[in-house]
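The block underneath contains the structure these notes are about, expressed in structure tokens.
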Protein chains: 2
Amino acid sequence: MAVTLAEVAVRAGVSPATVSRVLNGGYPVAGDTRTRVERAVEELGYIANASARALAAATSDLVGILVHDIADGYFGILAGSLQGALDPAGGGEPRRLAVVCNTQGAPAAETAYLTLLEGQRAGGVVLTGAAAEDPEHTAALTLRVARMAAAGTRVVLCGRPPVPVPEALPVATVVFDDRGGAFRLAEHLLTLGHRRIAYIAGPPGRSTTRERLAGHREALRRHDPALPEACDALTVHAGFERSAGYDATRELLRRGEPFTAVAAANDTAAAGVAAALREAGLRIPEDVSVTGFDDLPFSQDTAPALTTVRVPLREAGALAAQLVTGRRPLPPGGITTLPTELMVRASTAPPPPARRTP
Amino acid sequence: MAVTLAEVAVRAGVSPATVSRVLNGGYPVAGDTRTRVERAVEELGYIANASARALAAATSDLVGILVHDIADGYFGILAGSLQGALDPAGGGEPRRLAVVCNTQGAPAAETAYLTLLEGQRAGGVVLTGAAAEDPEHTAALTLRVARMAAAGTRVVLCGRPPVPVPEALPVATVVFDDRGGAFRLAEHLLTLGHRRIAYIAGPPGRSTTRERLAGHREALRRHDPALPEACDALTVHAGFERSAGYDATRELLRRGEPFTAVAAANDTAAAGVAAALREAGLRIPEDVSVTGFDDLPFSQDTAPALTTVRVPLREAGALAAQLVTGRRPLPPGGITTLPTELMVRASTAPPPPARRTP
DNA sequence: CCCGATCCAGAAAGCGCTTTCCATCACTCG
DNA sequence: CGAGTGATGGAAAGCGCTTTCTGGATCGGG
């Protein structure tokens, strides 16, 4: 049906080998021969069969990216920037294709998609999202990653902890300074005068959850060694979704423990927090300050604009693209930490003078 | 390097053909033979080479989806739901892989990615986003779509106008009732008492832009035949991004034409509109009402919550998945229109009594 | 009890491309 | 002026899987 390389060869009056060489370069081909082949390709509208090429070359132009949910801004930005940077910028047709896999953070889905990608002999794979800190899954994952890397697939872990694979394998890790960001965010709250700070943590057993919580508590401790424990009753584990923030806040309100600020695990949950607070008749930031994390685009348009921590997702995506395509060499040690930045906006203010119980 | 089907065959003591048949079904294989093969597959950790399979079968498990920008909520939701519905729900490993391509709406990028997908012998392709209404590109696209469809690739156009291909080809179209939604949205504004309604349209030459504007103007006309023209001076074409809404609003404000409401082409632009308005000291909705379009998740968390039109993106993605995988037969005529729904929230209210010039 | 129908499984021919390994050919050097 | 040399292009062997095409058993009906 479709035009094949052999037909192009016939038309150009050369052998298939020559056509292949013209198309792929890396081999001397005389000027006029090349021209004849190119004209034949043009005239026939030849489009190379990627499967055949991948089979013969034992590697494909596919790059897999595992995300929790591509509809989530965090992953959307990461994946978008990744996809855009897969091929060298400026001029030239794209060549590499991004395969997006929603795992919802489920280990089983992660494994299943890795199998699929391994079957595709993907040129690279990027794993994003907070890894489930399940020893069994981690072990299985390490094996998979090592096997794929050994087979020539470049692997990049982005926003999740590195896996222990042999040094020589092409595996890189890009992480965010979540801990530092959370630390500065808590510091900001403390400086404003807050002491009873509620914390809506992410789902338990996730590296991101742990890092952010650790940074937060570290700041509290630095301020007053007894503070982390004092705030324990105000810490709840929820999810990264809006509804999780909403529900957790209602729960907090129900308990009756007084607080003057709520730090959410991320911006999305913070939106839910704010909604629950407003519903309860509390003003932000006059009665309660609210903070998020990630600095997703919408956080500047919430009511009020959200104080948060900027996570360089765009940069991370572009970096991951360079690493996964091999355009950038692996950093020594294989791991790159990207800085985060405190973004102070309108949702935080000093606590109310009379310490009301919300 | 990797385990091949032949090795599995040797281990199971059968021929490669039999292993293939066990793996793919559709051919009778005796019970014990099947068991032996399955055990061999298990023991060897065999993962089929997808390229080889695609080459032999002349079709791959890849489904391409072209979007303007996957980081944009509109496309993120569409693509996410699409990806999630590629494989039949409930149980079973995933099989199909979604290839996401950001085109930024550029015809050249669209063509380039279609070429890549054609080379991959993709099982299906979903084109989303407002199509550029460029006759030349439309013609080229029609050819491409027809050729891919003729080669067995299922094509679904989602949220963009159908292309004229022969009836028999597997090409489906899923569109939103943008016009109806815009109509009802304008009606809502008119009912509140607004007459001087600014309209921040999307980029010119896009089907979505045209449909939404048409519905809007139709409602105005229905109310008062002279109204569309009266509002012409208040209509500006911008983009679908936040900054476009922001800039357009500043421009509107600068012109000095009085208005009591601003309808933006979509939610994202509406966020920019609201920001510009607030910066100018205008209150929403007391001084100016604002409306969006799409009902992206963040629109309930803006200040104030945005009146908008819900576009069933999730449903569309799932539907597109069924169509592109062939799990759902093409509807007669090939085109499905999905309804939109007016969502009245806090950003719209009656115009201020004294008609101030903002 | 023989024969066509029914099951299963193997042999082998590709699918379309890449990539050695060779064969030329035109020169250039001694 | 013959052999060595580099630049080109062709032949052919796969890459790993699917899918006819065949053929040997097994089975039921006449």
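Letters A, B, ... are given to chains in the order of the sequence lines, protein chains preceding strands, and every chain is numbered from 1.
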- Pick base, sugar-phosphate or nothing for A:S20, based on heavy-atom distances below 4.0 Å to the nucleic acid. base

- Message: From C-beta outward on A:A56, which listed nucleotide comes closest to its side chain: D:dG16, D:dT18, D:dC15?
- Response: D:dC15

- Query: Taking it one step at a time, do B:L62 and A:L62 satisfy side-chain contact (heavy atoms from CB on, under 4.5 Å)?
  - Reply: CA-CA 10 Å; B:L62 263 29; A:L62 263 29; 4.0 Å; yes

- Item | Atom of A:L86, atom of A:R96 and distance for their closest heavy-atom approach | O-NE, 3.3 Å

- Message: For a quick check of understanding: with a heavy-atom distance under 4.0 Å over all strands, which category does B:A48 fall into, base, sugar-phosphate or nothing?
- Response: sugar-phosphate

- Note on the structure: Between A:T103 and A:Y113 the two heavy atoms that sit nearest each other are CG2-CD1, 4.3 Å

- Task: Answer yes when B:R95 and B:D61 have at least one side-chain N-carboxylate O distance shorter than 4.0 Å, and no when they do not.
- Result: yes

- Message: Strictly under 4.0 angstrom, non-hydrogen atoms only: write out the protein contact profile of nucleotides 5-12 of chain C, one letter per nucleotide from the 5' end, B, S or -.
- Response: ---SBBB-

- Rounded distance in Å - CG (B:N49) to P (C:dG16): 17 Å

- Note on the structure: Rounded to whole Å, the CG-P distance (B:L55 to C:dC15) equals 9 Å

- Between A:L114 and A:R144, which heavy-atom pair has the shortest distance, and what is it? C-NH2, 3.8 Å

- Using a 4.0 Å heavy-atom cut-off, write out nucleotides 23-28 of chain C from 5' to 3' as B (base contacted by protein), S (sugar-phosphate only) or - (no contact). ------

Show me the donor-acceptor pairs, under 3.5 Å and distance only, between side chains in residues 28-41 of chain B and residues at least two apart or in other chains.
| residue | atom | partner | partner atom | Å |
| --- | --- | --- | --- | --- |
| B:T35 | OG1 | B:G31 | O | 2.8 |
| B:R36 | NE | B:A12 | O | 2.9 |

- Query: Could you give the CD-to-P distance, from B:E7 to D:dC15, as a whole number of Å?
  - Reply: 11 Å

- How long is the line joining CG of B:D61 and P of D:dC17, in whole Å? 14 Å

- Note on the structure: Output for pair (A:M148 CE, A:L143 CG), nearest 0.5 Å, gives 13.0 Å

- Task: Evaluate the criterion side chain to side chain donor-acceptor pair (under 3.5 Å) for residue pair B:T138 and B:D134; output intermediate values, then yes/no.
- Result: CA-CA 6 Å; B:T138 305; B:D134 166 5; over 6 Å; no

- Could you tell me the separation between the CZ atom of B:R53 and the P atom of D:dT19, rounded to a whole number of Å? 10 Å

- Contact summary for B:Y46 and B:L23, nearest pair of heavy atoms: CE2-CD2, 3.6 Å

- Quick one: B:L5 CG to C:dC15 P, roughly how many Å, whole number? 19 Å

